[in-house]
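Shown next, in structure tokens, is the structure this report addresses.
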Amino acid sequence: MIAKRRQWKETEWVEYTCNSHHRYGKEYCTPHRIHESQLDTLIYDEVKTLTERIIAESEKYDKIVRDWLRQKPAYERKIKQYKERILILQNQIEEIIMERIADREHASIYNNMIAKREEEIAELQNKIEESRQYDEVSRQKRDNLKSTSDLLKDILSESKISDANLRILVKQIYVHQNEDKSLDVRFEFNGDFEDSSAVCTEKTM
């Protein structure tokens, strides 16, 4: 879209006209246009909806963290049990290795016994790591969402979304004219905002 400043009598406004039509002619695309004020309204409404989604998502992770804190003592007891079991298995492996040295003829049997215990140790270590990561990832996700929602609230607190904030939020704006002359407007958000909403949101005018 190409921005053009228009004026009629004492009224002045900015409108965006189709760049494809401007470059390639009516055979390629219709000469549709949209006022900047219309885009501002659509973007403001879309950012407001996006903010609500992110806040809801943030609250969900906040609940996950609260639930985790309540369950943390139980998880810590489980982790302690896992570690104690790992220690027992490691001692068993050492004993089996000594027995294998003394009974070389049945080494394959001892190897299988060792392999089973090593598999159980690996599984227990994964459970310990998952328990620790669950807490860390949930907190990080919650904090990132809260930071994003705070940024969006600050942007929405202004009467109009500034060009600088628009560049932070939106990567591309697509405008398509339908056969009935209505316009479809789609927004493609930048970076983290894509993860919190559909990449493209369509509005028909």
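For reference, positions follow the sequence shown, starting with 1.
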*asked:* I'd like to know if the side chain of Thr148 reaches the main chain of Asn144, judged simply by a donor and an acceptor atom lying under 3.5 Å from each other, with no hydrogens or angles considered.
replied: yes
_A side-chain contact here means heavy atoms from C-beta on lying under 4.5 Å apart; do Met113 and Arg117 qualify?_
yes
_OH on Tyr75 to NZ on Lys127, rounded to 0.5 Å_ = 12.0 Å
*State the CD-CG distance between Glu94 and Leu89, to the nearest 0.5 angstrom.*
11.5 Å
*From Leu156 atom CG to Asp45 atom CG, the distance as rounded to the nearest 0.5 Å*: 9.5 Å
*Using a strict cut-off of less than 4.0 Å between a Lys/Arg side-chain nitrogen and an Asp/Glu carboxylate oxygen, indicate whether Lys60 and Glu57 qualify as a salt bridge.*
yes
_Cluster check Ile88, Ile86: I/L/V/M/F/W/Y, side chain < 4.5 angstrom_ = no
*Do the side chain of Asp103 and the main chain of Glu99 share a donor and acceptor less than 3.5 angstrom apart?*
no
*Do Ile109 and Met98 share a hydrophobic cluster, counting only Ile, Leu, Val, Met, Phe, Trp and Tyr and linking them when any side-chain heavy atoms are less than 4.5 Å apart?*
yes
*Would you give the length of the straight line joining atom CD of Glu84 to atom CD1 of Ile79, rounded to the nearest 0.5 angstrom?*
12.5 Å
_For a 4.5 angstrom cut-off between non-hydrogen side-chain atoms, does Ile93 reach Ile121?_
yes
_Backbone of Arg100 reached by a side-chain donor or acceptor of Arg104 within 3.5 Å_ = no
*asked:* Could you walk me through whether Arg53 and Ile55 satisfy the side chain to side chain contact (heavy atoms under 4.5 Å, CB included) test, starting with their C-alpha distance in whole Å, then the side-chain angles of each, then the deciding distance to 0.1 Å, before giving a yes or no?
replied: CA-CA 6 Å; Arg53 290 177 187 168; Ile55 290 173; over 6 Å; no
_Spacing of Gln92 atom CD and Leu87 atom CG [to the nearest 0.5 Å]_ = 10.5 Å
